[in-house]
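Below is one structure, written out as structure tokens, with a few remarks after it.
This structure is a prediction, so every number in the text was calculated from the model and none was measured. We name chains A, B, ... by the order of the sequence lines, and we start the count at 1 in each one. Just so it is clear, the values below take in all heavy atoms, side chains as well, and ignore hydrogens, waters and symmetry mates.
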Amino acid sequence: MDKLDKILKGKIKTGCRELKEQLSDETLEELYSVYPFNKFEYIISHLISGQIIDINEYLSIRSSYINRNKYLYLFEITAPRTFGETWAQRHLNEIVPELQRPDKTTDPYYTGEYDFWYNNIKIEVKASRAVRRQSGGRLIEKALSIEDNASFDMNFQQLKPDCCDVFVWIGVWKDCIKYWVLSNEEVRSNKYFSKGQHRGNKQKEGQLWIKNSNIDDFNLYAVDVRHILDKIIEKSNQHTHCHE
DNA sequence: CTTCGGTGAGTCTTAATTTA
DNA sequence: TAAATTAAGACTCACCGAAG
């Protein structure tokens with residue numbers, strides 16, 4: 001939103017007096033809109049009609065905005081499970097179709113404690129979104145770009161290294177998605193791993209924050225979309241075996 | 001300001017119960 | 001008996017707030 005605002009403000013400045021009045025901050029402030037009409041459609045129509053921009057310039061502004069906000073829609077999801085399961089798990093399965101949904105036929109002892117199964121490897125998926133660190137406000141308004149240097153803390157939680165062999169973490173920014181793959185041991189012994197969450201699970205469950213201040217320490221585990229499965233297999237050879 | 005142990009709230013799954 | 005409804009529990013991630 002910030003960058004689009006800047007671009008439009010810059011364009012308005014180059015217009016004639018009349019146009020500047022029509023698009024002044026005060027006018028825009030008072031502008032009453034009902035979906036799908038809004039401030040942007042109003043400004044852009046004026047800019048085109050005043051010949052400040054032409055249709056091609058509009059199209060280029062539009063497509064670069066879309067590029068900068070490809071994944072913004074993911075911040076519209078409010079319910080944790082809708083994001084974590086409906087989106088994140090399905091998304092990973094689309095990228096890596098080889099991963100199987102576990103059930104009693106793949107693993108007789110399966111009771112929902114991990115998310116995917118591949119060739120005897122138990123895989124747990126966790127996802128988190130990068131948002132501005134501030135209390136209140138909707139997620140979509142706090143969504144961060146990978147280039148922003150505002151502070152954030154992605155909370156990967158309810159991590160149970162005893163229940164799976166490999167973790168796949170998905171970090172979502174409004175313009176990009178990052179993937180990290182770690183063995184259960186790499187999580188358990190990670191210096192940022194914080195033990196203890198939810199009463200009754202104190203020994204088994206922990207959490208970890210990937211923050212603007214420590215994200216580089218995880219580059220070691222970052223993996224390109226195309227290599228996720230290879231990395232899962234590689235990491236599964238390093239994990240500490242859990243006994244049924 | 002950041003950290004990190006913990007709670008909160010929405011959704012889904014499964015089991016239990018009621019209804020037809 | 002089978003289907004429909006309700007209740008219980010598990011699983012998801014965001015967020016809080018005391019302590020540093």
Side-chain angles (χ1 to χ4, degrees), chain A residues 71-95 99-117 122-146 148-174 176-182 184 186-218 221 242 244:
Chain A
Y71 303 116
L72 190 59
Y73 72 98
L74 295 174
F75 294 77
E76 286 176 2
I77 302 171
T78 52
R81 288 194 76 173
T82 310
F83 175 65
E85 287 186 14
T86 310
W87 179 76
Q89 291 186 22
R90 186 176 299 172
H91 170 74
L92 184 65
N93 212 180
E94 280 167 7
I95 302 172
L99 301 181
Q100 288 178 264
R101 298 306 315 229
D103 56 35
K104 299 269 187 201
T105 60
T106 55
D107 174 3
Y109 300 98
Y110 179 69
T111 53
E113 68 274 35
Y114 55 93
D115 300 324
F116 285 110
W117 172 268
K122 297 173 183 170
I123 300 148
E124 175 73 16
V125 183
K126 295 285 175 196
S128 186
R129 291 165 285 192
V131 292
R132 205 180 313 282
R133 193 175 181 136
Q134 102 195 27
S135 189
R138 299 187 305 143
L139 280 182
I140 196 156
E141 291 158 354
K142 299 189 282 184
L144 290 175
S145 150
I146 190 76
D148 287 331
N149 41 16
S151 79
F152 62 86
D153 45 0
M154 285 182 165
N155 189 192
F156 294 94
Q157 55 199 308
Q158 272 87 50
L159 302 172
K160 295 184 281 281
D162 293 339
C163 292
C164 67
D165 304 316
V166 178
F167 284 95
V168 177
W169 292 346
I170 304 175
V172 177
W173 283 261
K174 64 182 178 181
C176 83
I177 298 179
K178 288 197 175 211
Y179 307 89
W180 297 274
V181 177
L182 297 87
N184 60 2
E186 284 170 332
V187 171
R188 195 182 285 117
S189 60
N190 195 284
K191 65 171 168 173
Y192 297 110
F193 183 59
S194 160
K195 287 179 186 176
Q197 190 180 19
H198 281 147
R199 270 179 309 183
N201 275 316
K202 286 199 166 112
Q203 289 76 32
K204 307 217 162 189
E205 231 174 70
Q207 56 188 324
L208 186 151
W209 285 264
I210 292 188
K211 297 164 286 193
N212 47 307
S213 56
N214 71 4
I215 188 164
D216 289 340
D217 294 337
F218 291 90
Y221 309 112
C242 42
E244 326 279 55

How many whole angstroms separate atom [atom1] of [X] from atom [atom2] of [N]?
X: A:Arg138; N: C:dA14; atom1: CZ; atom2: P; result: 16 Å
X: A:Arg129; N: C:dT12; atom1: CZ; atom2: P; result: 14 Å
X: A:Phe193; N: B:dC4; atom1: CZ; atom2: C1'; result: 12 Å
X: A:Glu85; N: C:dA14; atom1: CD; atom2: P; result: 14 Å
X: A:Asp115; N: C:dC11; atom1: CG; atom2: P; result: 10 Å
X: A:Gln89; N: C:dA10; atom1: CD; atom2: C1'; result: 13 Å
X: A:Gln207; N: C:dC13; atom1: CD; atom2: C1'; result: 11 Å
X: A:Ile210; N: C:dC13; atom1: CD1; atom2: C1'; result: 14 Å

- [ ] Would you mind classifying the nucleic acid contact of A:Ala88 as base, sugar-phosphate or nothing, using non-hydrogen atoms under 4.0 angstrom?
- [x] nothing
- [ ] Describe the nucleic acid contact of A:Gln134 in one word from base, sugar-phosphate, nothing, applying a heavy-atom distance below 4.0 Å.
- [x] nothing
Open item on the list: Which label fits A:His91 and A:Tyr179: parallel for a plane angle under 30°, tilted from 30 to 60°, or perpendicular past 60°?
Closed with: parallel
Looking at [X], I'd like to know whether one of its side-chain N or O atoms comes within less than 4.0 Å of OP1 or OP2 on [N].
X: A:Lys142; N: C:dC15; answer: yes
X: A:Ser151; N: B:dT2; answer: yes
X: A:Lys211; N: B:dT2; answer: no
X: A:Ser135; N: C:dC16; answer: yes

By nearest atom, which of the nucleotides [options] is closest to the [X] side chain?
X: A:Val131; options: C:dA14, C:dC15, C:dT12; value: C:dC15
X: A:Thr86; options: C:dT12, B:dC12, B:dC4; value: B:dC12
X: A:Leu139; options: C:dC15, B:dT2, C:dC13; value: C:dC15

- [ ] Could you say whether A:Thr78 or A:Asp153 is positioned toward the 5' end of DNA chain B, judged by the nucleotide with the nearest heavy atom to each?
- [x] A:Asp153
- [ ] Spell out, as yes or no, whether a donor-acceptor pair under 3.5 Å connects the side chain of A:Asp103 to the backbone of A:Thr106.
- [x] yes
TODO: Could you tell me whether a side-chain N or O of A:Asn184 sits under 3.5 Å from a main-chain N or O of A:Cys163, the two making a donor and an acceptor?
DONE: no
Go through the N and O atoms of the side chain of [X] and the base of [N], and report whether any donor-acceptor pair is under 3.5 Å.
X: A:Arg81; N: B:dT11; answer: yes
X: A:Asn155; N: C:dC15; answer: yes
X: A:Gln158; N: C:dC13; answer: yes

Task: Lys/Arg N to Asp/Glu carboxylate O, A:Asp162 vs A:Arg188, below 4.0 Å - done: yes
Open item on the list: Side chains of A:Tyr192 and A:Asp217 only: does a donor on one sit below 3.5 Å from an acceptor on the other?
Closed with: yes
Task: Axial cation check for A:Phe152 ring with A:Arg132, 6.0 Å and 45° limits - done: no
- [ ] Kindly confirm whether the side-chain ring of A:Trp209 is stacked on the base of B:dC4, judged by centres under 5.5 Å and planes under 30°.
- [x] yes
